[in-house]
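To keep things clear, I will list the structure first and then write my remarks on it.
Excluded from the calculations below are hydrogen atoms, water molecules and symmetry mates; all remaining heavy atoms, backbone and side chain alike, are included. In each ligand, atom 1 is the first atom listed, and ligand 1 is the first ligand listed.
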Amino acid sequence: MGTRSAQELWSAALGELQVQVSKPNYRTWLEKTVGLSYQDDQFVVSAPNVFVAEYLDRNQRSLIEKTLISITASPDISVVFQVDGRYKNSSGAHDAAGKHSPAAPLSSPAFKSNYIFDTFVVGKCNHFAYAAAQGAALNPGQSYNPLFIYGGVGLGKTHLLHAIGQAATAHHINVICVSAEQFTNEFVNAVRDRKTDEFRHKYRSAGMLLMDDIHFISGKEQTEESFFHIFNELHNANRQIVLTSDPPPKSMTSLTERLRSRFEWGLLVDIQPPDFETRLAILQAKVKQSGVEATLEILEFLARRALPNIRELEGSLNRVIAYARLFQTAPTIELATRALENIAAKEPKSTSITPGQILKAVADSFQISLEDLKGRRRDKETALARRVAMYLLRQETNSSVARIGQELGGRDPSAVTNACKNITGDINANPYLRRKILDIQKRINSVPNPKKRRAN
Ligand code: ADP
Ligand code: MG
């Protein structure tokens, strides 16, 4: 298998790993890896340095192999981590060159180049945060200080933070951008090495301070204390401070009261999960940026899956594209269904949609009665409606095939399995059917159903 396939496979794997490991973990260990080659069941991954290669080898090997197995469907795949060809085996040994490479902590990542305002898609869910972020970047320290952006995981907080940082840097502002976790580690090290003066000096000299995931410091008293003083000094000097957090300040219960009230001094904005239109717009933007081909239909199909966050949405797109390259075809609905099958199965599906709602939506769409849908009529249209109902029950709920058979008037589980297969195949060949199913999914998903936000 050629180099490109290894790259594509690895980007699909990263798409999944991103969802499976914590964000700092992903950032530190996986983000900068590249799929090098895949041959004879051996998958070679290049890591940026020995430190990362060793870590992945010791701690993430089995997760990574499991992920690669699910993507390639070859059960014997094994992964090898490599740094410029130096770190080669899985026993943890590396050659002399490797031994001398610095195992120093990774340098703090610069801004992600694509996290800029131009690539941020604005929708109802985030326009307020976007405008506030632009304000902070263009008129730092002048309108609202601090700017506090909060919202669920994967909704674009870090993207906005880096966008602010890159815009301000372009205006020659000395921006310091760190995650609260990095800040904490730096602080702990400074205390250990008796370098707290240096530490304080660095942060106090910031022209702008951007701190990601501030909720991380909550409950770490000394770090909070140190941050409190830095905050006050910068604030007094009118230096812009921007903080992001998953929860809003008032829910950060272990945070000291004085910090919480500081956070609420300026402007609090939240980012909500994107609606269908915004999800679609984001997918369209990603496709345009990466120059891949995907029809509107595919994008709609992906956007229709109400994923809880944008990172997962991107992951699903990457996966479909990787599959398409792998099988050397254009992305089709059938392929997308297949590519996303495992992911969907892994995630607990929303239980908020009931079988009854689905059956009603199908009956309405086909303009037949519920009794006929569950009954014995065998004309073409009714039979099709019934198969579609089975397919959608399988897609949208946690029901087993046996249960679905019962829902539809006591049918055999194997009939349900066949119907699902049959529809999955037909969706691709039959535009009428595809429209119909998208239309029904739209009806189902527009029933107001507060979905639970998934914890990460
Ligand atoms: P958070 O920090 O809130 O967990 P991120 O900023 O890391 O989320 O965003 C997750 C991914 O989704 C990133 O790749 C980011 O570029 C993308 N993303 C989030 N919001 C948008 C948006 N509005 N437009 C385009 N891409 C977005
Ligand atoms: Mg983030």
Under 6.0 Å from the six-membered ring centre of Tyr323 and within 45° of its axis: does the NZ or CZ of Arg338 meet both? no

One pair to check against side chain to side chain donor-acceptor pair (under 3.5 Å): Ser46 and Gln82. What are the steps and the verdict? CA-CA 5 Å; Ser46 151; Gln82 182 168 308; over 6 Å; no

Could you establish whether Lys112 and ligand 1 come within less than 4.0 Å of each other, counting only heavy atoms on the residue side? no

Shortest protein heavy-atom distance from atom 2 (O) of ligand 1, along with the residue and atom involved: Thr158 OG1, 2.7 Å

Among all protein heavy atoms, pick out the one at the shortest distance from atom 17 (C) of ligand 1; state its residue, atom name and that distance to 0.1 Å. Glu314 OE2, 3.1 Å

Using modelled atom types and a 3.5 Å cut-off, is there a donor and acceptor pairing between side-chain atoms of Ser365 and backbone atoms of Ala361? no

Please determine whether the number of non-hydrogen atoms from other residues, nucleotides or ligands lying under 6.0 Å from atom CD of Glu221 exceeds 12. no

For ligand 1, which is the ligand I care about here, please tell me if Val122 has any N or O atom under 3.5 Å from one of the ligand's N or O atoms. no

If you have a sec, work out which protein heavy atom is nearest atom 24 (N) of ligand 1 and how many Å separate them, to one decimal? Val121 N, 2.8 Å

min-distance protein heavy atom vs atom 7 (O) of ligand 1 -> Arg311 NH2, 2.9 Å

Starting from atom 13 (C) of ligand 1, which protein heavy atom do you reach first, and at what distance in Å? Tyr115 OH, 3.3 Å

Counting non-hydrogen protein atoms only, what is the nearest one to atom 6 (O) of ligand 1? Give residue, atom name and distance. His159 N, 2.8 Å

As a quick check of understanding, evaluate salt bridge (Lys or Arg N to Asp or Glu O under 4.0 Å) for Asp197 and Arg200, giving each step before the final call. CA-CA 5 Å; Asp197 284 349; Arg200 249 179 257 136; 3.6 Å; yes

Ile282 versus ligand 1: do any nitrogen or oxygen atoms come within less than 3.5 Å of each other? no

Counting distance only, does the side-chain N/O of Ser290 pair as donor-acceptor with the main-chain N or O of Lys286 below 3.5 Å? yes

Considering non-hydrogen atoms of the protein only, which is the closest contact for atom 4 (O) of ligand 1, and what is the distance? Gly154 N, 2.6 Å

Passes side chain to side chain donor-acceptor pair (under 3.5 Å), Glu8 versus Tyr38? Steps please. CA-CA 11 Å; Glu8 299 302 336; Tyr38 174 35; over 6 Å; no

Option whose closest heavy atom lies nearest to atom 3 (O) of ligand 1, chosen from Lys286, Arg279, His127, Lys157: Lys157

Residue-level breakdown please: for Asn126 versus ligand 1, do any non-hydrogen atoms fall below 4.0 Å on the side chain, on the backbone, on both, or on neither? side chain

Could you work out, for atom 19 (C) of ligand 1, the closest of Gly156, Cys125, Gly123, Ala129 by heavy-atom distance? Gly156

Does any N or O in the side chain of Thr244 come within less than 3.5 Å of the main-chain N or O of Asp213, such that one atom is a donor and the other an acceptor? yes

Within the 4.0 Å heavy-atom shell around Thr119, which atoms of ligand 1 are there? 24 (N), 25 (C)

Return yes when at least one N/O/S atom of Thr158 is nearer than 2.8 Å to the Mg ion (ligand 2), and no when none is. yes

Closest approach of any protein heavy atom to atom 12 (O) of ligand 1, naming residue and atom: Ile310 CG2, 3.2 Å

Between His235 and Trp265, how do the two ring planes meet: parallel, tilted or perpendicular, split at 30° and 60°? tilted

Check the angle between the aromatic planes of Phe111 and His162 and answer parallel, tilted or perpendicular using the 30° and 60° thresholds. perpendicular

